[in-house]
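Numbers for residues simply follow the sequence, beginning at 1. This is a predicted model, so every value here is computed, not measured.
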Amino acid sequence: MVWEETVKIMEDLFDNVWDTKLEIAFDHAVELTLPIALFVIGVAGFGQRMPWKGGDVIPQGHKMAFKESLHVLSTDIILKLIAPEWLLKYGPERVRRVGIAYRELELYMTELIEGRKASDTKEERYDLFSSLLDANDEDADITLTHRELMGNIFIFLLAGHETTAHTLCFTFAMLALYPDEQEKLYQHIKTVIPDGRAPAYEDMNSLTQSMAVFYETLRLFPPVTGIPKRAAEDTTLTAKNNAGETVTVPVPAGTQITIATPCLHYNPRYWEDPHAFKPDRFLGDWPRDAFLPFSGGARSCLGRRFFETEGIAILTMLVSRYKIEVKEEPQFAGETFKQRKERILRAKPGLTLTPERVPLVFKRR
């Protein structure tokens, strides 16, 4: 479902928004990647399709359209996490809009729940929201409260939106900075899909270069730079010190541990030339235990396959039709490649690693 819906969203973008334009410029590429990720989580997460144009009608009894409430909440989701309830109701306009958006989304979800409970016929659905409802059936041994159900939906929205948008933004930036790698990816896509059709889900495992580019971006820009873990029982960790000697570290039960993802991903002990952008490193044997953008173990990211499927579909469709370049700006005319790279890839901490500003141009092939 995720692949098919993502392809439809991209085709809607190409046909009805970009249309016959030869060049489409963005002051910051998240202006493109955020709505794409939003529309995918809207349909795959909640079963609600949102077109690029339209979808702004406010139903009776609501203050915001579904599309707007999802957009506002996903854009300023951190305000919902840190602001007290009174501030969401009486604070500055931007904060109040987040409060309204959350209450509206909750109302939409409640209406969907009640509508499906009242329906005489059970419609087969495959979105995450429906899966939660099915698992929370009244006949189940353990059921979630309404608040717990909304909390899970909220996490789906957070994990399924910002992480994808920021990773895609970094991916497009790397391909713009390294045109040889972009051309290699384009030629690979043409060999897998020589007739120019839209990629099918069955093509995904053959799109190895797309996956390699995506993984290399995740290695260089892991969404979560510190992954918290807790030792459930007494254990030990075997590692090597700076002298290369093997050491055993005791870890008592209850110990809080943080996996410093960038330290692992940039460690020359596991990755040759770790600061270089080399997607091909993921085409052969590579150190899987030294690659943890999704964490690892029993509590690794449940949305990994969703994330990869959506990301590969978007990347493949876009590169197959458009060439990505850094947007030329007069104030940066004299910069070196090193200066340009530092400027384009500058990031800041947020809920996930956040690109500061990535000005790009997409040119029709």
Side-chain angles (χ1 to χ4, degrees), residues 28 30-31 33-35 37-48 50 55-117 127-130 132-133 135-136 142-166 169 223-228 230 256 258 299 301-303 347-357:
H28 191 354
V30 294
E31 297 168 13
T33 60
L34 280 171
L38 178 71
F39 294 167
V40 173
I41 197 65
V43 65
F46 305 113
Q48 301 294 306
M50 296 177 286
D56 301 320
V57 176
I58 302 176
Q60 185 176 358
H62 286 270
K63 298 178 181 178
M64 278 185 183
F66 178 82
K67 179 178 176 180
E68 183 184 7
S69 64
L70 203 56
H71 171 70
V72 171
L73 186 58
S74 59
T75 301
D76 283 328
I77 200 165
I78 194 166
L79 293 178
K80 174 64 181 76
L81 295 176
I82 64 175
E85 192 62 33
W86 65 265
L87 191 61
L88 292 170
K89 289 184 177 180
Y90 307 110
E93 182 182 359
R94 181 177 173 183
V95 180
R96 291 201 312 274
R97 278 178 58 79
V98 172
I100 293 171
Y102 180 78
R103 292 189 291 274
E104 283 293 296
L105 186 62
E106 185 172 24
L107 180 57
Y108 279 114
M109 294 301 101
T110 300
E111 290 171 349
L112 283 173
I113 293 170
E114 295 305 320
R116 293 184 193 183
K117 284 182 178 178
D127 54 87
L128 292 171
F129 179 67
S130 297
L132 265 179
L133 292 185
N136 202 46
I142 301 175
T143 59
L144 300 175
T145 65
H146 179 77
R147 181 56 55 188
E148 289 170 337
L149 188 61
M150 286 304 300
N152 276 274
I153 292 169
F154 191 69
I155 291 298
F156 283 146
L157 172 60
L158 173 63
H161 176 255
E162 184 178 279
T163 305
T164 303
H166 291 169
C169 185
V224 181
T225 56
I227 301 174
R230 180 179 178 274
Q256 302 293 331
T258 298
R299 296 192 179 275
C301 177
L302 291 173
K348 59 186 177 182
L351 289 177
T352 60
L353 189 66
T354 305
E356 285 193 4
R357 179 175 174 268

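Residues P35 and V30 come closest through the heavy atom pair CD-O, 3.7 Å. Between A165 and L34, the shortest heavy-atom contact is CB-CD2, 3.4 Å. In plain terms, the two heavy atoms of L87 and V95 that are nearest each other are O-CG1, 3.5 Å. When all heavy atoms of L79 and L88 are compared, the pair lying nearest together is O-CD2, 4.2 Å. The two residues T354 and H166 make their nearest non-hydrogen contact at OG1-CE1, 3.4 Å. Minimum heavy-atom separation, K67 to M50: CA-SD, 3.5 Å.
Counting heavy atoms from C-beta on, the side chains of P59 and Y108 come closer than 4.5 Å. No side-chain heavy atom of F66 sits under 4.5 Å from any side-chain heavy atom of H71. Side-chain contact between P223 and L353: absent, with no pair of heavy atoms (C-beta onward) separated by less than 4.5 Å. Under the 4.5 Å side-chain criterion, counting only non-hydrogen atoms from C-beta, V98 is in contact with L73. The closest side-chain heavy-atom distance from K63 to I58 is not below 4.5 Å.
From E93, atom CD reaches atom CD1 of I100 across 8.5 Å, with rounding to the nearest 0.5 Å. Atom CD of residue E162 and atom CD1 of residue I41 lie 13.0 Å apart, to the nearest 0.5 angstrom. S69 contributes atom OG, which lies 9.5 Å from atom CG of L107 (distance to the nearest 0.5 angstrom).
Under the rule for a salt bridge (Lys or Arg N to Asp or Glu O under 4.0 Å), E104 has no partner lying at least two apart in sequence or in another chain. E106 is linked by a side-chain hydrogen bond (donor to acceptor under 3.5 Å, both in side chains) to R147, counting only residues two or more places apart in sequence or in another chain.
Side-chain N/O atoms of E111 and H62 include a donor and acceptor closer than 3.5 Å.
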Query - Worked check of side chain to side chain contact (heavy atoms under 4.5 Å, CB included) between L105 and L70 - result: CA-CA 7 Å; L105 186 62; L70 203 56; 4.0 Å; yes

Query raised in the report: Given Y90 and E85, is the side chain to side chain contact (heavy atoms under 4.5 Å, CB included) satisfied, shown in steps?
Result: CA-CA 9 Å; Y90 307 110; E85 192 62 33; over 6 Å; no

Requested in this report: Check the pair R97 / E68 against salt bridge (charged side-chain N to carboxylate O under 4.0 Å, His left out), numbers first and verdict last.
Outcome: CA-CA 10 Å; R97 278 178 58 79; E68 183 184 7; 3.1 Å; yes

Query raised in the report: Does the side chain to side chain contact (heavy atoms under 4.5 Å, CB included) test come out yes or no for R94 and D76, once each step is laid out?
Result: CA-CA 9 Å; R94 181 177 173 183; D76 283 328; 2.6 Å; yes

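Side chain of R230 to main chain of Q256: no donor-acceptor pair is present (N/O by atom type, distance under 3.5 Å, no hydrogens or angles). Formation of a donor-acceptor pair under 3.5 Å by the H28 side chain with backbone atoms of P355 is found in this model.
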